[in-house]
Protein chains: 2
Amino acid sequence: MADLNDDNARERLLNAGRYLFLRQEYHRVSIRRLAERAEVNSAMIAYYFGDKNGLFQAVLLSYIDPMRNAMLERLVQTPELTYAELFRYFFRYAPRDLMRLIIRNALFEPDEHWRWILDKLLRPLLTEVEQRFGRVLPEGPLQRPEQARLALQSLLVFPILGQTLLESVRGAPMDDTFFDDLADYFGLLLDRAFAPETDQ
Amino acid sequence: MADLNDDNARERLLNAGRYLFLRQEYHRVSIRRLAERAEVNSAMIAYYFGDKNGLFQAVLLSYIDPMRNAMLERLVQTPELTYAELFRYFFRYAPRDLMRLIIRNALFEPDEHWRWILDKLLRPLLTEVEQRFGRVLPEGPLQRPEQARLALQSLLVFPILGQTLLESVRGAPMDDTFFDDLADYFGLLLDRAFAPETDQ
DNA sequence: AGTCGCGTTAATCAATCGATTAATGTGGAG
DNA sequence: CTCCACATTAATCGATTGATTAACGCGACT
């Protein structure tokens, strides 16, 4: 357990990267500020990670495995998930900082880290979750998998992604209570929309 | 009309800013590349806009007024909008590049341009659109304005915002046909969810 | 012709960027 | 103690950043 503490340069740099890369865009985080926050010489980045990008990818990798395990473990415990439960779970336990980090550094600069993030991190996780928890919609005009998936993704991701934006607009923070209410609301919305045809 | 052509330095810089700021994050766009693209001396930025940030704000302002006018003009023509029409209109005519620009430079760097963008650009537009086209939901458990608005915003914004991401995941571009289908699907989804209570 | 002001240019500033180097510290094995 | 591999340091590299300056071109007006 002594090899997991944070008094060695590599771990300290990872922690500094987790802190800084989550809060600022990649090019705004300089090697010197990383080293300064880690209280480590800036050359240690090249020593342990090759270059700045190596540290960045190491930070992402250090997030992705615990996230996948945690998500799958929790989801496995409730295999028959209602939409409300799914929203509530996701709003509570999704690593919001990591989501924003990925969006910020990949979605808007697709030529740099994007391909790597997509292939190494995102696609395996998405396919695995989907395989385990794919829902079959009832018969009806809404049974179009791609569109249904996009609707679900929008409702899941946007409130988290735009939390800062939304809090500024509404002038009040979105606490857990708000997200719980939102989860119930979205769950009810999808239940009604995806409900089997009644008549006519 | 001769004062609207693009052979003067100020207009050329605005065009360069429109091009570059839409495609890269603020700090990735250097004064020299702006001047180079505008085929203008880099000192002209300071001359006309004070500094780089002045040019950036001028670029945003040059977008926002035509956008507001275009949106309101088109929306006024169809005051009684179905959800499908609203989605279709938004997916077609919303300035996606500008949306991404605002998100990229404000949502994720709230301490820099964020407050200015929100107060000057976003809030007036949102309140104006909402005042003119606020819909009244039918009675029922889904009549909660804030949550309903957030659901609508999610379905409207996320597909546009994440277009690059989604295209990479699905491996094919999302053309107008896809967005039209998506508009119909989302419209139907909300119609069903927000439909008045039937019985029980 | 003179001159005033707007527009423009080349040159340069200090600061910071990512990266590299050579020298040095350190701690354990032989 | 010696040696060697690993870890760390200070210093510096060339490149680029945003910004500023002094000089200059030039048309308009007197």
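So you know, we letter chains A, B, ... as the sequences are listed, proteins then strands, and number each from 1. Just so you know, these numbers use all the heavy atoms, side chains as well, and skip hydrogens, waters and symmetry mates.
With rounding to whole Å, B/Met44 atom CE is found 8 Å from C/dG7 atom P. Between the P atom of C/dA19 and the CG atom of A/Leu55 lies a distance of 11 Å, rounded to the nearest Å. If you take CD of B/Glu25 and P of D/dT17, they are 13 Å apart, rounded to a whole angstrom. Across the protein-nucleic acid pair, B/Arg10 atom CZ and C/dG7 atom C1' stand 14 Å apart, rounded to whole Å. Taking atom CG on B/Leu13 and atom P on C/dT9, their separation rounds to 11 Å, with Å as the unit. Across the protein-nucleic acid pair, B/Arg12 atom CZ and C/dT9 atom P stand 11 Å apart, rounded to whole Å. The nearest whole Å value for the distance from the NZ atom in A/Lys52 to the P atom in C/dT16 is 15 Å. Distance, B/Phe49 CZ to D/dG18 C1': 16 Å, rounded to whole Å.
Looking at A/Tyr26, its side chain never comes within 3.5 Å of a backbone N or O of A/Phe21 through a donor-acceptor pair. Side-chain atoms of B/Arg88 never come within 3.5 Å of backbone atoms of B/Gly187 as a donor-acceptor pair (strictly under, hydrogens ignored). A distance-only check finds a donor-acceptor pair linking the side chain of B/Glu85 to the backbone of B/Thr82 [under 3.5 Å].
Using a 4.5 Å heavy-atom threshold, the side chains of A/Phe49 and A/Leu14 count as touching. Residues B/Leu150 and A/Phe178 meet the side-chain proximity criterion, which asks for heavy atoms closer than 4.5 Å. Using a 4.5 Å cut-off on side-chain heavy atoms (C-beta onward), A/Ile31 and A/Asp51 make no contact.
For B/Ala43, the listed nucleotide lying nearest its side chain is C/dT9; candidates were C/dT9, C/dA19, C/dT8. Checking C/dT8, D/dT8, D/dA19 against the side-chain heavy atoms of A/Tyr48 singles out D/dT8 as nearest.
Projected onto DNA chain D by closest heavy-atom contact, A/Val40 and B/Val29 fall at different nucleotides, the more 5' of which corresponds to A/Val40.
Residue A/Tyr47 places none of its side-chain N or O atoms closer than 4.0 Å to OP1 or OP2 of C/dT20. Side-chain N/O atoms of A/Ser30 include none lying less than 4.0 angstrom from OP1 or OP2 on C/dT16.
Remark: A/Ile31, A/Arg32 in residues 31-38 of chain A come within less than 4.0 Å of DNA chain C through at least one heavy atom.
Taking the six-membered ring where tryptophan is involved, the planes of B/Phe87 and B/Phe186 are perpendicular, since the angle between them exceeds 60° and thus also 30°.
In this model, a side-chain donor or acceptor of A/Asn41 finds a partner on the base of D/dA10 within 3.5 Å.
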